[in-house]
Amino acid sequence: MPPRVRFAPSPTGYLHVGGARTALFNWLYARRHGGTFILRIEDTDAERSSDDMVSGILSSMKWLGLTWDEGPGVEGPHLPYFQSQRLPKYRAAADRLVASGHAYYCYCSPDDLAARRQAAALEDPVRMYDRACHALPAEEVARREAAGHPRATRFLVPQGTTSFTDLVRGHIEFAHEHIEDFVILRSDGHPTYHLSVVVDDGEMEVTEVVRGDDHISNTPKQVLLYEALGTPVPAFAHVPLILGPDKKRLSKRHGATAVGDYERQDYLPEAMINFLALLGWSPGGNQEVFSRDELIARFALDGISGGNAVFNVEKLDWFNQQHIMRLSAADILRRLRPAIVGAGLWRDTYLTSESAWIARVVDLLKPRARKLHDIVPALTAFVSDEVVYDEAAVAKHMRPDGVRDHLAAWLEAVRALPALEPVATEAALRALAVDRGIKAGILIHATRVAVTGQAVSPGIFEVLELVGQARVVSRLTACLPA
RNA sequence: GUCCCCAUCGUCCAGAGGCCUAGGACGUGGCCCUUUCAAGGCUAAAACCCGGGUUCGAAUCCCGGUGGGGACGCCA
């Protein structure tokens, strides 16, 4: 039976990189095994959820390429995929639990509870619910109900222990005395997380629950609910958390934590995916750079490591560069087109008569780009008549005595060349340097500044060829005294 | 405090009793290539938390300690 897994974010914030990695693991698992990846929005906390957050999360998921098979927009057999629209299901489940004696009504107000907890805090910092309302006499219950007293529904935790086999950690066991009678239905009729997640995972026939480590201690409560509801218990896989450099749970104070932040910082989604996949998971072997398909082909839950992982931006940067280098020139052009247009450097001929030429230019620029958009300004010297001269570069390479005389001689040599084929051009330049008794570097640096305006560029002979003889001649000429 | 999880270079991982003189990657230093900047190649420094067991043999298994993290809500 193909697996059914889900990612169930709460729209109380942006898609966090930790959440993104959890989503990624689920997605990889589904894709690896030909299963179904469900996206469900856990918006039962009406206070803190918002539509903007929902659309932000969906947008980040799409950016990462984590496509879902069931969920918002694509729908599916278990509609709706927003928990706030599934309220009757949770109430029905709560009613069933009360009817079967697995749950009971609690009339204690949150304020009461807080006060009681506070009072008890002196000797015991954490105090579990005292089960006061479970022992209420029938007449008292009737009286409160008649008076319309608000009530929550609590699960009656039985005696004993609950255990489950975690797919990444193995056997985990909890004694019930450490689990309080948790609320499953709030007094406003909304379910709490424990109820809604169990009802939905059950109904949606989720087979493996892959989620963050922080849910381990919630798991026994949920197992208890599955059992009380008579629903098959799914398998669980708890993945470690992502930490900041100080080893604390990654948060805003560590810098960018939202996937959207990385999108805005011009990281490639494939780099982000690669980086996140290898944070806490290993495919084995020494390969580091993986395409999406390669990750899918190798993904396995048992390769997930147990320890928390520190988010290391420098390695993300490296992955980004590696993936830029693996992109085809045509792909880069397609992604960068809006920016190139914006810079006034676009020509439709890049797609037709000039496609081979522009591809060579892009390929030359690729390994030098940290971020994709670094390529746009670097295009200028190749595609524009305008040359922006960097003053420091001019001062360093054009001003020294004699440089312009050498350059004048070089200009003549360039004019005499039938074409600017790199090997021949280099031979000509070196021959001239020998002739004039100077180091080739003098000519090379001056030529670079004259042609590109900058002190750094790709290999100058490739640059000359791609800029083209006519422009090289005119730029060299422009740099000589009139 | 209680419960749970985790523990190999600064960081991310490999290692599932002898193959470990502990391997790879990022980052850092050096060298090579070279006209600059990248990319690439080579190389160096850098780790098995501590203590007990088990075993002929332990990074690997067990126990304890320590350390880190997480959870203890009518948040998810």
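All figures in this text were calculated on a predicted structure; none of them were measured in a lab. Protein chains get the first letters and strands the later ones, always in sequence-line order, with residue 1 at the start of each.
- Sorted by first and then second residue, the pairs that involve residues 154-178 of chain A and meet salt bridge (charged side-chain N to carboxylate O under 4.0 Å, His left out), not counting sequence neighbours, are A:Arg169-A:Asp213.
- The closest side-chain heavy-atom distance from A:Lys366 to A:Asp363 is below 4.5 Å.
- For the P atoms, the distance linking B:rC5 with B:rA44 amounts to 41 Å, nearest Å.
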- [ ] Quick one, give me the B/S/- string for nucleotides 60-71 of chain B, reading 5' to 3', where B means a protein heavy atom under 4.0 Å from the base and S means that only happens at the primed atoms, P, OP1 or OP2.
- [x] ---------SSS
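- Partners of A:His194 by side-chain hydrogen bond (donor to acceptor under 3.5 Å, both in side chains), not counting sequence neighbours, listed by chain and number: A:Gln222.
- The salt bridge (charged side-chain N to carboxylate O under 4.0 Å, His left out) analysis of residues 301-329 of chain A, with sequence neighbours excluded, yields the pairs A:Glu288-A:Lys315.
- Here A:Gln265 pairs with A:Ala256, A:Asp261, A:Tyr267, A:Lys371 under the side chain to side chain contact (heavy atoms under 4.5 Å, CB included) rule; sequence neighbours left out.
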Distance-only criterion, 3.5 Å: show the donor-acceptor pairs between side-chain atoms of residues 440-450 of chain A and protein atoms not counting sequence neighbours.
from: A:Thr447; atom 1: OG1; to: A:Trp410; atom 2: NE1; distance (Å): 3.1
from: A:Thr447; atom 1: OG1; to: A:Leu443; atom 2: O; distance (Å): 2.6
from: A:Arg448; atom 1: NE; to: A:Ser457; atom 2: OG; distance (Å): 2.9

Each nucleotide N or O in nucleotides 34-44 of chain B that has a protein N or O under 3.5 Å away: list the pair and distance.
from: B:rU35; atom 1: OP1; to: A:Arg430; atom 2: NH2; distance (Å): 2.3
from: B:rU35; atom 1: O2'; to: A:His445; atom 2: NE2; distance (Å): 3.0
from: B:rU35; atom 1: O2; to: A:Arg448; atom 2: NH1; distance (Å): 3.3
from: B:rU35; atom 1: O2; to: A:Arg448; atom 2: NH2; distance (Å): 2.4
from: B:rU36; atom 1: O2; to: A:Ser457; atom 2: N; distance (Å): 2.9
from: B:rU36; atom 1: O2; to: A:Ser457; atom 2: O; distance (Å): 3.0
from: B:rU36; atom 1: N3; to: A:Arg448; atom 2: NH2; distance (Å): 3.1
from: B:rU36; atom 1: N3; to: A:Ser457; atom 2: O; distance (Å): 2.6
from: B:rU36; atom 1: O4; to: A:Gly459; atom 2: N; distance (Å): 3.2
from: B:rC37; atom 1: O2; to: A:Arg368; atom 2: NE; distance (Å): 2.7
from: B:rC37; atom 1: N3; to: A:Arg368; atom 2: NE; distance (Å): 3.2
from: B:rC37; atom 1: N3; to: A:Arg368; atom 2: NH2; distance (Å): 3.0
from: B:rA38; atom 1: O2'; to: A:Pro367; atom 2: O; distance (Å): 2.3
from: B:rG40; atom 1: OP1; to: A:Gln322; atom 2: NE2; distance (Å): 3.2

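- Within residues 39-48 of chain A, the residues having any heavy atom under 4.0 Å from RNA chain B are, by residue number, A:Glu42, A:Thr44, A:Asp45, A:Arg48.
- Shown here are the side-chain hydrogen bond (donor to acceptor under 3.5 Å, both in side chains) partners of A:Arg475, two or more places apart in sequence or in another chain: there are none.
- In this entry B:rG40 has B:rC32 as its Watson-Crick or G-U wobble partner, both defining distances falling under 3.5 Å.
- Remark: A:Ser305 is in phosphate contact with B:rC13, judged by side-chain N or O atoms under 4.0 Å from OP1 or OP2.
- Between the P atoms of B:rC4 and B:rG18, the separation comes to 32 Å (whole Å).
- For A:Thr219, the side chain to side chain contact (heavy atoms under 4.5 Å, CB included) test picks out A:Phe164, A:Arg211, A:Val223, A:Phe236, A:His238, with sequence neighbours left out.
- Applying the salt bridge (charged side-chain N to carboxylate O under 4.0 Å, His left out) test to residues at least two apart or on different chains, the pairs with a partner in residues 388-400 of chain A are A:Glu391-A:Arg399.
- Listed by chain and residue number, A:Arg48 satisfy the side-chain hydrogen bond (donor to acceptor under 3.5 Å, both in side chains) test with A:Asp45 (two or more places apart in sequence, or in another chain).
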